[in-house]
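Only one structure is covered here, and it is reproduced in the block below.
Side-chain atoms are counted along with the backbone in the values below, which use heavy atoms only and exclude waters and symmetry mates. Note that ligands are numbered from 1 as they come in the structure, with each ligand's atoms numbered from 1 the same way.
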Amino acid sequence: VTQSPVCRSYSHPQHDQTLFEERYLRYISPLGKGNFGSVELCRYDPLGDNTGELVAVKKLQSNKQSNLEDFQKEVNTLHVLHCDYIVKYKGVCYSMGRLSMSLVMEYLPYGSLIGYLEKNKHNINTRRMLLFASQICKGMEYLQSLRYVHRDLAARNILVASETLVKIADFGLTKVIPHNKDYYRVTQPGESPIFWYAPESITESRFSQKSDVWSFGVVLHEIFSYCDISFNPKRLYMQEIGHNVLGTSISVHLANLLKGNWRLPPPLNCPPKVYLMMRQCWAHDFDERPFFSNLGNEIETMVQDERE
Ligand SMILES: N#CCCn1cc(-c2nc(Nc3ccc(C4CCNCC4)cc3)nc3c2CCN3)cn1
């Protein structure tokens, strides 16, 4: 019998968190780095006989008060998300007498999409790439139904649960759009993944469901490039901008490039209709970009066509 993790729900329901006791959380190996922290493979083994379950534990980077608040927001965000295409929250583990905390999530054995596509590029066909893309759309549609903007949609933050299932992860930059607006303005941009950003996010720190759609277009490009490092978005943009840009910041050059309607080129052997979809996601005017619901339906149709 594997004992489930200790569950202590507090009196006030919104703090009903599943508590993992630090003394039973056995470190195994590093899994990766996310926003605000590193992720480790652990076994939660209260019986001490290695029958406990494997979990992915995201440790808060530093116990700076601001990071702790942001991390708590990430925990609260993930806690309310219940979707097959979003990585599952399991609970939290407090350490150092509540000074630091860790986020406990389901462990996805195949790692991020980046490593998976690079490693398996020779036996992944268009149909499977489109299946992954449609799952990301469904996850994003669910996220948007709760008025969340992810703000860091990128292949590095898509995890592979099985040969036919991927999930969206890393909600460290996710924000809720206020009810009286349809966008979120960020004050402290921090270290931004600008090569996945829509033009309005680069120049005005404006984030919306439509800026996530732009980033999805970049994820499509990554998928159909098999996440090949020599064709990654940053490298392709920097080749165009020129590596020795001085003075004005890279984001100004990037914004001008996008304003001038330069876009990432079609990946090798990319089906024309898929590149067309990327270009729709990269409409400079955010009102012209499709919704995730449209994209999801269009990709489903492509998946069917691929079967015939
Ligand atoms: N997103 C995001 C960015 C932060 N991040 C999240 C995870 C993560 N990884 C896994 N699983 C995982 C990861 C790597 C491998 C291998 C790949 C080959 N080389 C050796 C390692 C295997 C399995 N499962 C998770 C998570 C979060 C929830 N469940 C990793 N980095």
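The neighbour count for Lys259 NZ, taken as heavy atoms of other residues, nucleotides or ligands under 6.0 Å away, does not exceed 12.
Stacking of Arg156 on the aromatic ring of Trp196 is recorded, both the 6.0 Å distance cut-off and the 45° axial limit being met. By the 6.0 Å and 45° rule, Lys210 stacks over the aromatic ring of Phe291.
Near Asn157, meaning under 4.0 Å from one of its heavy atoms, ligand 1 places the atoms 1 (N), 2 (C), 3 (C). For ligand 1, the atoms sitting less than 4.0 Å from at least one non-hydrogen atom of Ala169 are 1 (N), numbered in the order shown with element in parentheses. Near Pro109, the atoms of ligand 1 lying under 4.0 angstrom from a non-hydrogen atom of the residue are 22 (C), 23 (C). Near Lys33, the atoms of ligand 1 lying under 4.0 angstrom from a non-hydrogen atom of the residue are 3 (C), 4 (C). Proximity to Val87 (heavy-atom distance under 4.0 Å) selects the following atoms of ligand 1: 28 (C), 29 (N). Atom numbering of ligand 1 starts at 1 in the shown order; those under 4.0 Å from a heavy atom of Met105 are 27 (C), 28 (C). The distance from ligand 1 to the heavy atoms of Glu106 drops below 4.0 Å at these ligand atoms: 25 (C), 28 (C), 29 (N).
Among protein heavy atoms, the minimum distance from atom 30 (C) of ligand 1 is reached at Leu31 O, 3.6 Å. Remark: minimum distance from atom 11 (N) of ligand 1 to any protein heavy atom is reached at Leu108 O, 2.7 Å. Atom 16 (C) of ligand 1 has its closest protein heavy atom at Gly111 CA, 4.8 Å. The nearest protein atom to atom 6 (C) of ligand 1, hydrogens excluded, is given as Val39 CG2, 3.7 Å; this is a heavy-atom distance.
Between Phe216 and Phe292, the angle of the ring planes goes over 60°, which puts this pair in the perpendicular group of the 30/60° scheme. Note: Tyr116 and Tyr110 have perpendicular aromatic rings, judged against thresholds of 30 and 60 degrees for the angle between ring planes.
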ring-ring contact (aromatic ring centres under 6.0 Å, His included) between Tyr148 and Phe171, worked out | CA-CA 10 Å; Tyr148 280 113; Phe171 293 82; 7.9 Å; no

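With sequence neighbours left out, Arg185 forms a salt bridge (Lys or Arg N to Asp or Glu O under 4.0 Å) with no residue at all. For Asn157, the side-chain hydrogen bond (donor to acceptor under 3.5 Å, both in side chains) partners are Asp152, not counting sequence neighbours.
Without hydrogens or angle criteria, Asn232 side chain to Arg235 main chain gives a donor-acceptor distance under 3.5 Å.
A distance of 9.5 Å separates CD in Glu141 from CG in Leu295, rounded to the nearest 0.5 Å.
Between the choices Asp170, Leu54, Leu159, Val160, the shortest heavy-atom distance to atom 9 (N) of ligand 1 belongs to Leu159. Looking at Gly32, Ser38, Ala161, Ala56 and measuring to atom 25 (C) of ligand 1, the nearest heavy atom belongs to Ala56.
Protein heavy atoms are found inside the 4.0 Å sphere centred on atom 28 (C) of ligand 1. Shown here, atom 14 (C) of ligand 1 is in close reach of the protein: a heavy atom of it lies under 4.0 Å off.
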